[in-house]
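Position 1 is the first residue of the sequence; numbering continues from there. All values derive from a computational prediction rather than experimental measurement.
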Amino acid sequence: MRSRFLALLLLATGLLAGCGSTIPPYQPAVPQPVIKVTGNQLLATSTGNLLTFAGVTYPGLLTCADTTQGVNPFQQMASWRISAIRIPVSADLWTGTSCPTYHTRVSAVLTQAEALGLPIILTAQNGVKGQEDMATQSVATLWQQLALTLPTDPTVNVEWMLEPFDGPKTTSASIWLNGGSIKSATGTYTAIGMQALVDQLNKSLPGIPVIVDGFRGGMDLTPFLSGANAITGKNLIVGTQLTNGTATPLATWSATVAKLTPTYPVVATAIDDPSGCQGTWINQAISAARATLNGYIVAGWTVAGANCQPGVLLSSWTGTPSAYGQAVLDDFTAPSIRISGNQLLDINGRPMHLYGVGHPGFEYGCYINTDEFSNKVFAAMHTWNINAVRITVSSKYWLSTDAGCTSYRTDLASAIKTAEAQHFYVIIDLQSGVNPDYITPAPDAVTFWTQFLQVYKNDPNILAELYGEPHDISFAVWRNGGPVTTSTGLSYQAVGMQQLVTLANSIAPNTPLLVNGVVWGFDLSGVAAGYAINGKNIIYGTHPYDYSNKTIDTYASSFEFLNKTYPLLVEEFGDTQTCNGSWLQQSMPNLAANTDGMLAWAWITTGSVCGFPLLIKAYDGTPSSYGKPIFDFFQQVTKQYNVPLTTGAAA
């Protein structure tokens, strides 16, 4: 891809085949954008899902020299859990003669950034001393030439957004809009207005979102409020820049940003704290941006000196944060789901519910049909109005990589990443152990969770279901462990749920933990009889089915009472007896009213429709005859509970 991009880039700038400086006329043969602006929202074109993002600015293209010491500056970004990258390009270096290698550097940097598959906000900076306040002809030329190559190769899932000019500093709303003569320290120059740049991008790159920063350094948004001097055009996103100690503090957002968000998508294109390294202000700014905006970008992904340098995120190119960067990293990796009393809260502290489906496959064998866990399959799940996917796994295959299951862990990692990229919360359910006759966790469960949580302890969208369906044991063994003998004559030392919770809390203190009851995950009555689990981030889970030992009249005493004290989730439910919808229509409203969400079993197309049961006819999400009542119910109940998506993509 890099050679193709570079060739087009050189062609666009007239550097191939003796083109001189002639710019070929633009031919609008570009792929459809994957982000679209609809009202005040950003949506994924393919799914219609609401998009928000949290990202960083990489300022490396603002100088001629590469200061990264040969390191790919984007390789470590994924571990910060970012979901967007903002890259300023110097129009002065692009159009001037002082940096002969600059076009090649731009190509190389954009190719590296594209490899992450994250949204890229490309912005122009002028960079001519004394002419920094507003865009000049060099900015228009930059966009004219880049229009021939953007968006990039459609085989790479990159979502382009374009910011015509970074933070216009003029104090005149009229100059900001229309351009004009500006007097600077080095003389007088002619500025190009933001309206002209928007018109240029709307024409040359139709469909691509355009971010327009306010004036006075990108912070003054009053033209959008008053209508006078406001920008007009297609696919507009309002941008605001926020710096500690400036004239647009967080306290003024209610008078500006909050009034714009009902009409426009609004993003903070640059949040920066140049005055302190403790993170207090930046944490407040990020919290406000999360609660108010469609996205935010923090400056800057570059390296500080030996000590903390405010506004610089890194202390080394390996991704090690500076003191200031650590505060930002803590925000980026904060859990998407928090537990407060008996409620699940989203990242902004609002009550939330989880609705989803169970997706089997990884519990049944070493080698998985990865097509069943493809981006297309997870995207189809959005037709069900859900926000969570439960993936069932087996410690037998996770732990037997040396015995032939060589791709199991990488296949599971790919499935998790793909589900998260589709903005799902992912529940990992340890459904079975090394021995298929285990009836409750064995020592291999300790090994599995130790290894798995070490890898995913900072993933904000993972929930850990510690064991799927304990059964045929007492509540004493369920909680504390002890010797058990199965109906097949197998004897082993069971591990209690308390041990697994304590272990998980120590490794991954922010990860929500799902603790299911006995009777194949259904019965939690022992929690009220002295067998409650101690620890944090505990969600109790239940598995109601239409069996004679799981009747609806026992729900109140078996699990519903817990929802007064703890979050309670229906981890799995289904009808395998009549399969005519009658049990579902009776049970689902009851379960929805008394829990924090429900996950239906199972998203698979093979086997008996009623016996498994099967929710879908095909992986495009078409409901089966059994799944149709669940599909219809989810359409309504998820709107009632305002089911949210995650706010970050996968690493």
Side-chain angles (χ1 to χ4, degrees), residues 51-60 67-69 71-88 109-110 112-121 157-159 161 242 267-273 277-279 281-287 289-290 293 295-304 308-338 347-348 413 416-418 420-421 423 425-426 453-462 508-511 646-651:
L51 294 177
T52 59
F53 55 82
V56 296
T57 294
Y58 172 66
T67 61
T68 61
Q69 302 171 359
V71 175
N72 181 336
F74 303 100
Q75 284 182 332
Q76 303 303 324
M77 287 185 183
S79 66
W80 281 52
R81 313 303 304 173
I82 68 164
S83 53
I85 310 166
R86 178 173 176 264
I87 304 177
V109 167
L110 293 182
Q112 290 173 335
E114 289 159 7
L116 289 185
L118 298 178
I120 294 176
I121 299 172
N157 181 26
V158 175
E159 302 157 344
M161 289 175 279
L242 188 63
V267 301
T269 55
I271 301 178
D272 189 14
D273 183 3
C277 293
Q278 300 309 309
W281 182 87
I282 196 70
N283 293 154
Q284 293 173 350
I286 290 175
S287 178
R290 275 205 193 105
L293 307 182
Y296 60 93
I297 303 292
V298 179
W301 192 264
T302 189
V303 173
C308 173
Q309 182 177 335
V312 174
L313 295 173
L314 304 178
S315 61
S316 77
W317 284 114
T318 62
T320 304
S322 64
Y324 167 76
Q326 185 63 55
V328 175
L329 178 58
D330 290 344
D331 275 305
F332 282 172
T333 57
S336 294
I337 298 176
R338 293 188 290 112
I347 198 167
N348 298 312
I416 292 171
K417 180 177 180 178
T418 305
E420 289 183 320
H423 303 276
Y425 299 99
V426 178
L453 290 174
Q454 286 289 355
V455 176
Y456 290 96
K457 61 185 176 182
N458 291 322
D459 189 322
N461 302 318
I462 290 285
N510 291 324
T511 299
T646 63
T647 55

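Expressed to the nearest 0.5 Å, how far OG1 of T511 lies from CG of D459 amounts to 8.0 Å. Distance check, rounded to the nearest 0.5 Å: CG of D272 to CG of L313 gives 8.5 Å. A distance of 13.0 Å separates OH in Y296 from CG in L242, rounded to the nearest 0.5 Å. Within the model, atoms CE of M77 and CG of N72 stand 8.5 Å from one another, a figure rounded to the nearest 0.5 Å. In this structure, Y425 OH and I462 CD1 are separated by 12.5 Å, a value rounded to the nearest 0.5 Å. For the atom pair I87 CD1 and F74 CZ, the distance stands at 4.0 Å (nearest 0.5 Å).
When every heavy atom of A113 is checked against every heavy atom of I120, the shortest pair comes out as CB-CD1, 3.8 Å. For the residue pair L329 and P321, the shortest heavy atom distance occurs at CD2-CG, 4.1 Å. Counting all heavy atoms, side chain and backbone alike, I82 lies closest to G55 at CB-CA, 4.2 Å. Here the shortest heavy-atom pairing between Y324 and V298 reads OH-CG1, 3.9 Å. Nearest approach of D273 to I282, heavy atoms of both residues: OD2-N, 4.4 Å.
Between Q76 and V71 the shortest side-chain heavy-atom distance does not fall below 4.5 Å. Using a 4.5 Å cut-off on side-chain heavy atoms (C-beta onward), V267 and L293 make no contact. Between P88 and T57, the closest side-chain pair of non-hydrogen atoms falls below 4.5 Å. A 4.5 Å side-chain heavy-atom check between F53 and M161 finds at least one atom pair inside the cut-off.
Under the rule for a ring pair (Phe, Tyr, Trp, His ring centres under 6.0 Å), F332 has no partner lying at least two apart in sequence or in another chain. Listed by chain and residue number, S315, S316, T318 satisfy the side-chain contact (heavy atoms from CB on, under 4.5 Å) test with T320 (two or more places apart in sequence, or in another chain).
When atom types are taken as modelled, the side chain of T68 and the backbone of P73 share no donor-acceptor pair closer than 3.5 angstrom. With hydrogens and angles disregarded, a donor-acceptor distance shorter than 3.5 Å links the side chain of W80 to the backbone of G319. Of the possible donor and acceptor atoms, one in the side chain of W317 sits under 3.5 Å from a partner among the backbone N and O of T67.
Other residues, nucleotides and ligands contribute over 12 non-hydrogen atoms within 6.0 Å of the CD atom of Q454.
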Run the side chain to side chain contact (heavy atoms under 4.5 Å, CB included) check on T269 and I297 step by step: do they pass?
CA-CA 5 Å; T269 55; I297 303 292; 5.5 Å; no

